[in-house]
Structures are given as structure tokens and as C-alpha cells.
There are 2 protein chains.
Amino acid sequence: MRRMTARPANAHQARLLRLLRDGGPNSRAQLGDQVELSRSKLAVEIDRLLQTGLVVADGLAASRGGRRSHNIRLAPSLRFLGVDIGATSIDVAVTNAELEVLGHLTQPMDVREGPVAVFEQALAMAAKLRASGVAEGFDGAGIGVPGPVRFPEGVPVAPPIMPGWDGFPVREALSQELGCPVMVDNDVNIMAQGEQHAGVARAVRDFLYVKIGTGIGCGILVGGEVYRGTNGSAGDIGHIQVEVDGRPCACGNRGCLEAYFGGSALARDAENAAREGRSAQLAARLEETGELEAKDVAVAATAGDAVALDLIREGGTRTGQVIAGLVSFFNPGLVVIGGGVTGLGHTLLAAIRTQVYRQSLPLATGNLPIVLGELGPTAGVIGAARLTSDHLFSPA
Amino acid sequence: MRRMTARPANAHQARLLRLLRDGGPNSRAQLGDQVELSRSKLAVEIDRLLQTGLVVADGLAASRGGRRSHNIRLAPSLRFLGVDIGATSIDVAVTNAELEVLGHLTQPMDVREGPVAVFEQALAMAAKLRASGVAEGFDGAGIGVPGPVRFPEGVPVAPPIMPGWDGFPVREALSQELGCPVMVDNDVNIMAQGEQHAGVARAVRDFLYVKIGTGIGCGILVGGEVYRGTNGSAGDIGHIQVEVDGRPCACGNRGCLEAYFGGSALARDAENAAREGRSAQLAARLEETGELEAKDVAVAATAGDAVALDLIREGGTRTGQVIAGLVSFFNPGLVVIGGGVTGLGHTLLAAIRTQVYRQSLPLATGNLPIVLGELGPTAGVIGAARLTSDHLFSPA
DNA sequence: CTACTTTCTCCTCCTCCAGGACAAAGGTGG
DNA sequence: CCACCTTTGTCCTGGAGGAGGAGAAAGTAG
């Protein structure tokens with residue numbers, strides 16, 4: 001089960017591996033244009049990488065007017081496991097070394113059942129993927145969990161929505177089970193990295209990824225790197241106050257953003273609206289299922305339900321208020337809105353945009369795109385795979 | 001006039017120069033303990049630095065049980081100029097290579113008079129310092145201006161409180177006049193760097209420096225480096241909204257933090273209180289001078305005036321509200337309160353602390369000190385000098 | 001078939017740098 | 001005062017890192 005994947009011996013090799021990961025197979029000559037190394041040194045390092053098996057020579061490329069080049073690519077047998085643990089669902093995917101998703105499973109789950117049960121499920125899903133033939137073993141795994149993480153140790157700290165996880169040695173436990181290196185991070189951070197690797201944030205180095213799921217969180221990228229803060233709790237914007245003496249929040253405070261918006265708040269508000277007879281459509285749905293979810297509001301909104309649209313707009317305005325403040329403070333080059341909000345999509349985005357553009361400094365918003373994430377549920381698993389590949393593709 | 005100061009030839013030399021700057025004179029052996037270099041390589045690099053004249057051998061140190069060591073120190077003739085341009089005053093100082101202040105001048109000034117007049121004044125102050133004998137010439141200069149700066153070019157962009165400065169080539173113009181390299185940054189950023197170099201933030205890598213002067217701004221340090229954002233406007237927190245449909249602000253919006261607090265707002269509120277007869281003390285002062293300044297409120301507060309104390313507490317609460325949000329978002333290891341608030345000091349600090357500790361996430365505030373800056377008005381000039389020394393002490 | 005381009009390999013030479021040997025210069029205890 | 005220790009600094013050698021020229025290999029264009 002245990003795979004001994006080689007590691008690059010120096011920074012040059014690490015650099016080359018990342019170039020091959022992000023740019024796909026390439027010739028020695030083309031790689032030489034992207035690094036500041038002489039041809040001879042480059043050849044030496046690539047030979048060494050070939051010897052370790054991390055990269056392979058893979059046929060000849062078409063001529064570009066001269067001798068045809070040998071393609072160099074990352075070993076096609078490399079496999080990364082990406083796991084995204086949300087509050088209510090779990091995503092597991094297998095990627096190749098270029099972080100292309102080869103297989104992806106999603107299942108509902110309740111994070112409050114605790115780490116043991118959740119990881120049992122995650123490992124079962126991984127086994128299922130392996131049985132399907134996309135992987136024989138894993139060279140590395142990345143995990144996102146819905147709470148703050150002490151990143152170097154890979155241990156959740158004081159996670160509000162998953163109390164049973166506090167201090168559970170996620171990294172060590174999973175590394176044992178999987179027999180490969182494991183990296184653990186906040187789920188918002190891995191989604192942000194996913195959008196940076198393969199989504200809308202490809203060319204941007206300083207940006208914010210705002211995830212609106214059950215709760216609301218924010219991934220912060222500074223110079224292309226995740227910023228995690230002193231305790232790993234950076235980006236925890238769900239409990240920023242938006243109303244003095246406002247609604248009570250589950251965290252014990254009052255007036256938090258999450259008391260007004262996010263999957264939980266939205267479902268609760270929709271149920272109230274249904275019970276009070278303000279929306280026939282939501283009431284009908286409530287009748288059917290006994291309770292409402294954020295998804296139901298999205299469906300109702302798409303069908304034109306005025307109450308549902310109002311709820312989304314109001315939530316977007318609240319969220320926009322907070323984002324406006326963060327934009328003034330952080331002056332990002334891009335704001336990505338992601339999370340389980342497909343369907344809420346453009347109504348929500350419009351409300352957020354209106355609020356941010358009205359409220360932030362002109363200099364900060366002048367050239368600021370605010371867009372929806374383009375990867376949807378794969379953002380997390382791609383980001384998780386990237387996290388572990390960043391680790392493996394760095395000098396040992 | 002022009003000084004051709006040598007630059008380090010490589011990263012090792014740069015590292016050594018910074019060690020000598022931050023740790024003072026030192027022996028080869030002690031330096032060797034702080035860098036990962038062999039003794040021989042270290043000796044070579046130090047010899048080269050000695051040849052350039054950037055460092056000098058400076059006598060023998062006391063024995064520590066064996067052969068006495070030769071002290072190595074930065075050239076004692078090196079001089080940096082630090083300039084801190086505020087909204088209403090200008091600070092100019094001269095430091096040696098260890099960034100110790102050798103001479104410091106402060107004068108009132110109105111930034112709206114435009115860059116030409118202001119720099120004429122700054123250069124006159126620098127000349128006065130030179131005439132006093134603390135410097136013969138300058139090896140580098142750092143300037144802080146009260147507005148966003150496009151850092152690589154050293155040009156202010158769209159500064160709200162100093163419209164005449166937009167696009168003025170500060171770096172180039174001053175470099176011409178002074179005959180040395182010049183670095184330009186936002187004044188809040190240089191103050192933050194000052195506190196990091198020689199003040200309360202010495203050991204902290206991720207922190208926020210909140211300056212409450214005429215307006216309110218924030219310096220952001222990530223991993224020990226200033227974060228400036230995509231347009232150089234990061235940290236502009238004075239126009240974060242604290243009240244929906246609140247007081248009109250000079251920026252055209254409503255409910256901004258600066259509409260409620262900061263030197264301008266405080267002076268205005270104090271004048272209103274005086275006119276409405278709510279504070280005899282402030283009214284008396286208004287009678288004397290015709291208008292009130294933030295300073296007058298500080299004096300009244302120290303004397304126990306209830307209205308003045310209330311104004312400060314209220315402003316601190318508003319500011320604390322904003323900081324609380326930033327703390328949740330950024331999870332800093334330290335928050336420093338600085339700016340022209342000496343006197344408001346502990347009343348203000350208490351109000352800010354109360355609000356932040358009440359309102360931010362426990363994980364983010366658990367071990368978070370919120371303290372006053374300890375350098376006062378020298379923070380800016382030291383930070384400015386450090387900015388330019390960071391530049392000079394990096395490979396050419 | 002010739003001329004030219006591109007890609008890749010091989011070889012030489014130079015610099016960087018670690019670490020051992022050793023010299024210099026002090027202290028300590030008899 | 002001398003033998004022996006510690007600390008500091010210098011010198012030397014060998015090995016690894018790396019740049020760049022020469023040229024072979026393999027293609028295109030005419």
C-alpha cells in the first residue's frame with residue numbers, strides 16, 4: 001500500500017516539476033526558456049528527474065522547423081487524492097500529476113458525526129475510486145476541513161461547527177491509513193487554490209475567494225500563496241458583525257453575517273416565510289419535505305418566486321457590505337464568489353456587486369472583477385490535490 | 001552632492017548587512033552563527049564588503065575566553081533620510097546605518113499646498129539637519145505620504161486628501177534633488193515598519209498598525225513584509241462603512257468610519273459640543289482659539305471632561321468595530337494603535353479593546369495583544385529610513 | 001543535395017563553497 | 001612563567017554547481 005514517491009533533490013527540480021504540472025508536457029528547450037539555467041545544467045537536472053521516475057520521456061513532438069524535441073512529462077502513474085469535507089457533504093477525487101480529475105465522488109455527510117466516522121466514509125470513497133481503476137495507490141493526499149487548521153501540524157483547532165474535531169490529528173491519522181503524505185487545510189483555502197490553479201483566478205496573485213455554503217468563509221491569497229493568519233483562522237468572516245445588537249447567532253454573539261445569510265440562515269428564513277404564508281411556492285415545498293434547504297430557495301428563485309428572490313438579494317447585500325469592507329482593506333485584484341450557491345448565482349452576484357461598488361473606495365474597486373467561481377464542486381478537490389502536489393514538488 | 005553608495009553583490013552580503021543593521025556591530029564568529037555559511041565563505045564575503053566600504057573593521061571586542069574578535073560594523077558615515085509627510089505636519093530625520101535617529105525636525109504643514117511647496121519645505125529641513133553636522137550627504141531617503149502609492153514607481157495615485165499630488169513623480173523628483181536613491185510609500189506603511197524595526201512589533205510577522213491621525217489608515221504586515229494590495233490602496237480603512245445611511249463623509253459616501261472618528265471628526269464633534277454648551281471646558285478653549293483640534297479634546301479628557309471622554313470612547317468603539325472585523329478576517333498576531341493620539345491614549349485603547357474582544361472570534365482574539373505604538377512620531381521616520389535601507393541592502 | 005534551423009549532448013573551464021588544518025591571541029591553573 | 005585550554009580568524013584543497021562553446025542529431029526549405 002505504501003508508496004515511496006521520490007522528491008525533488010533541489011529547488012531547480014522542484015521548479016521543473018511545477019512547470020510540468022501547470023504547463024503540461026514540454027520539451028527541454030521550452031523548459032529552458034522558462035527557467036534561468038544553462039542548457040547543460042537543465043539537461044543534468046532532467047536526467048536526474050528521469051532517474052527518480054518522477055518524470056518520463058514520452059515520444060517526440062512535432063518539429064517546429066528543426067530537430068524534433070523529446071517530450072518530457074510528469075510520470076503518468078502519479079496519483080493525488082483530493083478530499084473536500086464540507087458541513088453536509090464530502091467530495092473525493094483522484095487526479096493525475098497535472099491535477100486533472102480522473103474520478104470524482106460526492107456523498108452527503110454530517111460533519112458533526114466526528115472525524116472517525118467521516119474518515120471511514122472518505123476512505124471508503126477513495127477505495128471505490130481505486131477499485132474503479134483510476135488509481136492503484138496515492139502519492140499524496142490533500143484534505144480540506146470546514147474549520148481553522150493549525151497548518152504545519154495538520155490539526156483542526158477550535159472548529160465551531162465540528163467540535164468533535166478539535167485537536168484530532170487528521171494529518172497523521174490519514175497518512176497512516178493512506179500510506180502517503182497528507183496535507184490538511186481549511187476547505188475555503190483549498191477551494192481558493194483550486195480556482196487559482198484551474199479556474200477564474202489563474203493569473204491573479206492577490207485575491208479573495210468568498211465561499212457561501214452552510215456558513216460563510218473567505219480564502220485569502222497573497223502573492224499567490226494562501227495567507228492563514230497567526231492561528232490559522234484568517235478568513236473567518238462569517239462572524240463579522242453586520243448589525244449592532246442584531247439577530248442572535250449560533251456563536252453566542254449578535255448580528256453576525258451568518259445570522260443573516262448562508263445556507264443555514266437562508267433555509268430558516270425561507271421556512272419562516274413559508275409558514276407565514278408569504279410564498280406559496282416555498283410553502284408547497286415545505287409541505288412536501290417537512291423542511292427547507294438553501295437549494296429550495298434557489299429553485300423557487302429560478303421559478304420567479306418574489307420572496308425567494310428577496311431573500312437572496314437581501315443576503316447578497318449583507319454579504320456585499322462585508323466584502324466591501326474587506327475590499328477597502330485588502331485591495332484585491334479579484335473577488336471570487338463560490339460555494340454551494342449554484343442557482344442563487346446571478347441574483348446573488350448582482351446584489352453583492354451593487355453593494356461593493358457602491359460602498360468601497362473607488363481606487364480599490366476601479367478595476368475589480370467580482371465573479372462566480374467556474375469550477376463549482378471540483379474547486380475543492382483540485383485545490384486539495386494541488387496543496388499536496390505543492391508539498392511533494394518541493395525540495396525534500 | 002551625489003553619493004555613489006555601493007550595493008551588496010549578492011544575497012549573502014545583503015543578509016549580512018541587514019544583520020549588522022538590526023543587531024549592531026558584531027564579530028565574524030557571531031555573524032557566522034546567524035547565517036548558514038562556512039567560516040571561509042563568510043570571511044570572503046566580509047572581505048569584499050570591507051573593500052566596498054559598506055562595512056568597516058572597528059577595533060577588538062573583549063575576549064570571551066579566547067582570542068579577541070574584530071568588530072565588524074556598518075560604515076559609520078552612512079546616513080539615511082527619513083521623511084514622514086502627514087496631512088498637517090512634516091517630520092524629517094537623519095539616521096545612521098543602524099537606523100538610530102541622529103537628528104529630527106517637526107514642522108506644521110498643509111499637504112494640500114501641493115508637492116512642490118511641501119518638498120521645498122522638506123528639503124529645507126533636510127538641509128538644516130545637514131548644516132547641524134549630523135550628515136554630510138545622504139545614501140538613501142525614504143518618504144511616507146498620506147495616500148496610496150504605486151510603490152514600484154514611487155508615485156501617489158488618486159490620493160483623496162491631497163488631490164494635487166496625483167501622479168506627481170515623487171521618487172524621481174526627490175532622487176534628483178537629493179542625489180541618492182529614494183523610496184516612497186504610504187505613511188501608514190512606513191510607521192508600521194518603524195514599529196516593527198524598533199518598536200512594539202519587533203518579534204511579530206503578521207500584524208496590523210492602525211493609525212488614527214487626521215484620518216484613519218492601517219498598515220498590513222504579512223510575513224514581515226508590507227502588503228500593499230493590487231493598486232497600493234490596501235489598508236485604507238477610513239472609509240469602511242460603520243453605519244448604514246449614516247453621516248455624510250467627505251468622500252461622498254455615507255456612514256464611513258472617518259465620518260465618526262479621526263482628528264477631523266473629533267475636532268468637529270468637539271466644536272459642536274462646545275457650541276451646544278455641553279462642555280464648559282471645550283467651550284472655553286473654543287473661545288480662546290476660535291476653533292478646536294483633536295489635541296484640545298485630549299487635553300480636556302486628561303482633565304476629566306466628561307464630554308471629551310465620551311467622544312473618545314465613542315470613537316474608540318466605532319474604530320473597534322471595524323478592527324474587530326479585520327481581526328476576524330486577518331487573524332493578526334498583534335494590533336498596534338498609533339498616530340497623533342498621544343493623550344487620547346488609554347481611554348481610546350480601552351474602548352477599542354473592549355469592542356474587539358467582545359466582537360471578534362475567540363480563536364482570533366485568544367492571544368491577541370492590542371497595544372499603543374511605542375515610538376510616537378519617530379515611527380514614521382525610522383520606518384522611512386528602514387524602507388530605503390532595505391532597498392540599498394539588497395543585491396544590486 | 002545543400003543550406004539552414006532547432007534540439008540535444010558533451011566537454012571544458014570557472015566559481016562557489018564546505019570543512020579540515022593551522023596560526024593567532026587570548027585565558028587559566030599550577 | 002609555562003603548559004594547556006578556548007575562541008577567533010586564515011589558508012588550502014577537493015568537490016559540487018553551473019555557464020557556454022563545439023558539435024552531433026534530426027528535422028525543414030528549396
Side-chain angles (χ1 to χ4, degrees), chain A residues 6-20 23-52 54-74 393-396, chain B residues 6-20 23-74 394-396:
Chain A
R7 294 279 292 275
N10 57 41
H12 296 314
Q13 293 184 14
R15 179 86 204 284
L16 290 168
L17 291 172
R18 289 177 193 214
L19 282 174
L20 289 170
N26 222 330
S27 70
R28 288 174 172 81
Q30 300 268 304
L31 288 170
D33 294 343
Q34 300 174 66
V35 297
E36 356 33 45
L37 281 177
S38 63
R39 297 183 309 286
S40 45
K41 178 58 179 166
L42 180 68
V44 168
E45 296 299 352
I46 289 180
D47 279 349
R48 288 179 189 163
L49 284 173
L50 285 167
Q51 274 171 29
T52 65
L54 277 171
V55 307
V56 296
D58 178 41
L60 293 169
S63 164
R64 300 195 309 163
R67 174 173 169 178
R68 291 167 64 193
S69 60
H70 295 266
N71 259 336
I72 305 293
R73 59 176 304 167
L74 291 169
F393 293 169
S394 62
Chain B
R7 294 280 293 275
N10 58 41
H12 296 313
Q13 294 185 11
R15 179 86 202 285
L16 291 168
L17 292 173
R18 289 178 193 214
L19 282 173
L20 290 169
N26 222 329
S27 70
R28 288 174 171 81
Q30 300 268 304
L31 288 170
D33 294 343
Q34 301 174 64
V35 297
E36 355 34 45
L37 281 176
S38 62
R39 297 185 307 286
S40 46
K41 176 60 179 165
L42 180 68
V44 168
E45 295 300 352
I46 290 181
D47 280 350
R48 289 181 189 162
L49 284 173
L50 285 167
Q51 274 171 28
T52 64
L54 277 170
V55 307
V56 297
D58 177 40
L60 292 169
S63 165
R64 301 194 310 163
R67 172 174 171 177
R68 292 167 65 193
S69 60
H70 296 265
N71 259 335
I72 304 293
R73 60 175 304 166
L74 291 169
S394 63

Under 4.0 Å, counting only non-hydrogen atoms across every strand here, what does Ser40(B) touch: a base, just sugar-phosphate, or nothing? base
Can you tell me how far C1' of dG27(C) sits from CG of Leu60(B), to the nearest Å? 15 Å
Is Arg68(A) near enough to dG27(D) that one of its side-chain N or O atoms lies under 4.0 angstrom from OP1 or OP2? yes
CD of Glu36(B) versus P of dC16(C): gap in Å, rounded? 17 Å
Reported NE2-to-CG distance for the pair His12(B) and Leu42(B), which is rounded to 0.5 angstrom: 10.0 Å
Taking any heavy-atom pair under 4.0 Å as a contact, classify Ser63(A): base, sugar-phosphate, or nothing. sugar-phosphate
Pair listing, side-chain hydrogen bond (donor to acceptor under 3.5 Å, both in side chains) test, anchored in residues 25-36 of chain A, at least two apart: Arg15(A)-Glu36(A)
Given that Ala43(B) and Arg48(A) both sit by DNA chain D, which one's nearest nucleotide is further toward the 5' end? Ala43(B)
Is the base of dT7(C) touched by the side chain of Arg67(A) through a donor-acceptor pair closer than 3.5 angstrom? yes
Rounded off to whole Å, could you give me the CD-to-P distance for the Gln13(B) and dC17(C) pair? 11 Å
Rounding to 0.5 Å, atoms CG (Asp58(B)) and CD1 (Ile72(B)) come to a distance of 9.0 Å
Please give, in whole Å, the distance from dC17(C) C1' to Asn10(B) CG? 12 Å
d(Asn71(A) CG, Leu60(A) CG) to nearest 0.5 Å is 8.0 Å
Provide, to the nearest angstrom, the distance between the NE2 atom belonging to His70(A) and the C1' atom belonging to dA26(D). 9 Å
Between the CG atom in Leu31(B) and the CG atom in Leu37(B), the distance rounded to the nearest 0.5 Å is 10.5 Å
Whole angstrom value for the distance that separates C1' of dT9(C) from CG of Leu42(A): 12 Å
Taking OP1 and OP2 of dC16(C), is either one under 4.0 Å from a side-chain nitrogen or oxygen of His12(B)? no
Give the rounded distance in Å between these two atoms: CG of Asn26(A) and P of dC8(C). 10 Å
Bending between helix ends of the helix from dC1(C)-dG30(D) to dG30(C)-dC1(D) [5 pairs per end, 10° resolution]: 0°
Nearest 0.5 Å, what's the CG-CZ distance between Leu50(B) and Arg48(B)? 12.0 Å
Give a yes/no answer on whether the side chain of Ser69(A) brings an N or O atom under 4.0 Å of OP1 or OP2 in dT7(C). no
Is Arg39(A) near enough to dC10(C) that one of its side-chain N or O atoms lies under 4.0 angstrom from OP1 or OP2? no
Starting from P on dA25(C), measure out to CZ on Arg28(B) and report it in whole angstrom. 14 Å
Leu37(B) near the nucleic acid: base, sugar-phosphate alone, or nothing, with a heavy-atom cut-off under 4.0 Å? sugar-phosphate
Output the distance between atom CG (Leu20(B)) and atom CG (Leu49(B)), rounded to the nearest 0.5 Å. 8.5 Å
